[in-house]
Amino acid sequence: MNTEVFNAKTQKENGTQYAGRVIRAGGLVAFPTETVYGLGANGLDGEAVARIFEAKGRPQDNPLILHVAKKSDVKDLWRHVPDGAKRLMDAFWPGPLTLIFVKSDIVPEEVTAGLDTVAVRMPEHKTALALIRAAGVPIAAPSANLSGRPSPTTAEHVLQDMDGRIDVVLDGGACEVGVESTVLTLVGRPTILRPGGITREMLEQVIGPVEVSPAVLRPLKEGEVAASPGMKHRHYAPDAEVIVAVGNPRKIASIICREYEIEEAMGKNCVVLGTEQTRSCYHGMNCDIIGDREEPGSLCRELFAALRRWSGRVDVIFAEGVEEADQGLAYMNRLLRAAGFTVLDE
Ligand code: AMP
Ligand code: MG
């Protein structure tokens with residue numbers, strides 16, 4: 001299959017109209033959102049949705065998010081719209097918040113992997129909204145990477161994984177948030193299943209107490225049922241070992257310097273994903289400064305791009321843990337999974 005690439009700015013009209021027709025015809029289109037690039041198909045067409053799973057090599061039991069272009073579209077997808085959802089949509093849509101509620105009959109089982117609930121979000125990115133409007137249907141879209149790899153935050157990342165496997169890529173430049181949307185279930189007590197750009201603190205200001213699923217920061221225990229099927233699967237892994245050091249910045253830097261030396265003495269190539277605060281600690285070492293510890297959003301924006309940058313080029317990637325508050329929770333959730341939960345704390 002030949003994958004066509006359109007520049008979402010210079011070929012705006014042609015690109016989105018063409019891509020909308022491809023979606024309607026059952027094809028696959030990768031498109032930018034404010035979180036990461038999505039791999040979209042007609043969300044009301046089970047056969048088209050099945051092609052997403054095939055192109056990504058995604059486990060069949062991991063449901064997809066439906067993307068809509070206006071808030072009122074949830075009425076067709078959910079059995080009814082709870083009050084809390086209305087308030088959250090008014091506060092955070094369009095934006096990086098996915099809401100889960102009981103599905104209506106028009107949602108195919110391929111989207112929900114057989115669950116009776118469906119995840120819906122209205123993205124903020126202009127190209128994503130234009131594509132959904134052009135398609136005229138909700139677009140089912142997971143991240144546009146091969147399953148298990150870091151999510152793509154540029155069109156180039158998408159092509160690394162998907163060239164020849166999908167019909168179209170809309171290139172809209174780099175994504176602003178850099179990690180996938182916050183996933184919040186409204187079935188039972190509101191619970192974050194995956195942290196993201198809309199933080200627990202922000203949600204609580206609108207609907208009061210919000211729980212965080214324990215599996216956000218640790219692996220599932222044996223026999224534990226995943227609140228969200230995505231929690232079960234290996235995620236975000238580059239082709240290199242990832243090791244996370246935790247503690248205060250000074251302690252983190254001293255752990256990383258010590259371990260780096262040990263790995264290097266064994267002939268391994270290493271890189272440190274450092275921060276502004278620890279820049280001066282990694283003197284003479286291979287160091288890639290990815291953001292500011294005081295602004296965890298800056299780390300979220302760069303994490304996946306940095307994992308891809310060093311994937312296959314080094315043996316070991318050292319990364320710094322941050323406090324698990326605000327956007328630091330989303331950062332730690334992705335980083336710990338990329339590391340297969342390998343953590344050093346002394
Ligand atoms: P991705 O498509 O890669 O952004 O992943 C979507 C995430 O949302 C995965 O972790 C899914 O398991 C989760 N998800 C989607 N739909 C549901 C649902 N109905 N119930 C629970 N989790 C869901
Ligand atoms: Mg994904």
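The first residue in the sequence is number 1, and the count goes up from there. Both counts, for ligands and for their atoms, begin at 1 and track the order of listing.
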ask   = Passes salt bridge (charged side-chain N to carboxylate O under 4.0 Å, His left out), Lys71 versus Asp90? Steps please.
value = CA-CA 8 Å; Lys71 294 175 195 171; Asp90 283 340; 3.5 Å; yes
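- The pair Asp161-Arg308 meets the salt-bridge criterion, since a charged nitrogen lies less than 4.0 angstrom from a carboxylate oxygen.
- Salt-bridge check for Glu54 with Arg51: failed, with every basic side-chain N at 4.0 Å or more from each acidic carboxylate O.
- A salt bridge is defined here as a Lys NZ or Arg NE, NH1 or NH2 lying under 4.0 Å from an Asp or Glu carboxylate O, and Arg121 with Glu180 fails to meet this definition.
- Classification of the Tyr18-Phe6 ring pair by plane angle, with boundaries at 30° and 60°, yields tilted.
- Remark: the backbone N or O of Val183 is not paired with any side-chain donor or acceptor of Arg194 at under 3.5 angstrom.
- Of the possible donor and acceptor atoms, none in the side chain of Tyr37 sits under 3.5 Å from a partner among the backbone N and O of Glu156.
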Identify all N/O pairs between ligand 1 and the protein with a separation under 3.5 Å and present them as a table of atom names and distances.
from: ligand 1; atom 1: 2 (O); to: Arg58; atom 2: NH2; distance (Å): 3.4
from: ligand 1; atom 1: 3 (O); to: Arg58; atom 2: NH1; distance (Å): 3.4
from: ligand 1; atom 1: 4 (O); to: Arg194; atom 2: NH1; distance (Å): 3.0
from: ligand 1; atom 1: 4 (O); to: Arg194; atom 2: NH2; distance (Å): 3.4
from: ligand 1; atom 1: 5 (O); to: Arg194; atom 2: NH1; distance (Å): 3.3
from: ligand 1; atom 1: 12 (O); to: Asn62; atom 2: OD1; distance (Å): 2.8
from: ligand 1; atom 1: 12 (O); to: Ser228; atom 2: OG; distance (Å): 2.9
from: ligand 1; atom 1: 12 (O); to: Gly230; atom 2: N; distance (Å): 2.8
from: ligand 1; atom 1: 19 (N); to: Thr117; atom 2: O; distance (Å): 3.3
from: ligand 1; atom 1: 19 (N); to: Thr117; atom 2: OG1; distance (Å): 3.0
from: ligand 1; atom 1: 22 (N); to: Ser228; atom 2: OG; distance (Å): 2.9

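- The count of protein N, O or S atoms under 2.8 Å from the Mg ion (ligand 2) stands at 1, with waters excluded from the count.
- Looking only at side-chain heavy atoms (C-beta outward), Met1 and Asp167 come within less than 4.5 Å of each other.
- Residue Thr153 comes nearest to Gly178 through the heavy atom pair CG2-O, 3.6 Å, listed as atom of the first residue, atom of the second, then distance.
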